[in-house]
Amino acid sequence: MTRTLLLVAIGLFAGSVQAQQPMFATTKVDGTDNVYVFRYQNAQSMFIVTPEGVIATDPIGLARPQAVTTYIEEIRKVTKAPIKYLVYSHQHFDHIAGGKPFKDAGATVVSLRRTKERLVAMKHPDVVIPDEVFDEKRTITLGGTRLELSYVGNNHSDNSIVMRLPKEKLLFAVDFIPVGSVPGRGMIDFYPADIQDSFKRVLAMDWERLIPGHPGPGGRLGTKEDLRNLMAFDQDISAEVKKAAEAGKCWDTAEKEISLPKYASWPGYEQNMKFNIQRYCAYWGRGF
Ligand SMILES: [Zn+2]
């Protein structure tokens, strides 16, 4: 009887812990006056509030218009200033679909030229086509804030940009630098030949904290140390799969045999190793 009650109590407790993660949250970044992270379920975006208006990023509204409505409501709780810009991080719909309410609110939608080209070709019904594009680099200056947009080479997709706030030494980078965890399903759109160069370009930039497009463990921000660790992980998995490919073990045997115990404690290790092995098996085993 006591035991049953105890198990019920544990069950209730576990349930209540899960329920404690609210659907969304808006957090001001520590040490800044005007930089916020808006998280909705498992994706997040950065927005910057200035006296002259708001710069928002990724609407994160694929198949969930409520996320976008909530995003705008959350901005409105901070400021009534107009939303001037909506900047896309890359072409993937889970980050950039659903932007119409931003456009309707008067925002100018900005992306890399290649991102726009891809989106025009794909014609997703819920993706707003960018109004303005840039090649390589653009700086948005608004109300005393500078936001630098930079293309840093092929990494996760061939059109990811990073967004840097030079004064705050903050970087917003989506999907290609997961904070403290093993890269996952997004490896399907990943450029093995170019990734280390892209990482190096990001490492060389002046920033101290990184806001990821999906919350890191415990919601923490990333550091250059996280990026260095990720670079090492990528080199290690690449080298292991290359050996396996040359031994004729791609795909299935490689997936079964390859392990990297050094990274086994990283969140996502168990679920995500296969995506890394598959991507590198394609590269080292098939040449693509
Ligand atoms: Zn992506």
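Ligands are counted one by one from 1 in listed order, and the atoms in each one are counted from 1 as well. Only heavy atoms go into these numbers, but all of them, side chains included; no hydrogens, no water, no symmetry mates.
Under a hydrophobic-cluster definition in which Ile, Leu, Val, Met, Phe, Trp and Tyr are linked whenever side-chain heavy atoms come within less than 4.5 Å, directly or via other members, V109 and V127 are assigned to the same cluster. I72 and F24 fall within the same hydrophobic cluster, defined by Ile, Leu, Val, Met, Phe, Trp and Tyr side-chain heavy atoms under 4.5 Å apart, directly or through other members.
Nearest approach of Y36 to T26, heavy atoms of both residues: CD2-CG2, 4.1 Å. Nearest heavy-atom pair, Y280 versus S238, reported as atom, atom and distance to 0.1 Å: CE2-OG, 3.4 Å.
Note on D175: counted as a metal contact of the Zn ion (ligand 1), an N/O/S atom lying under 2.8 Å. Here H95 fails the criterion, with no N, O or S atom under 2.8 Å of the Zn ion (ligand 1).
Checked against the Zn ion (ligand 1), the N, O or S atom of H90 at the shortest distance is NE2. Atom ND1 is the N/O/S atom of H92 found closest to the Zn ion (ligand 1). Within H156, NE2 is the N, O or S atom that lies nearest to the Zn ion (ligand 1).
Between Y269 and Y263, a ring centre-to-centre spacing not shorter than 6.0 Å is recorded.
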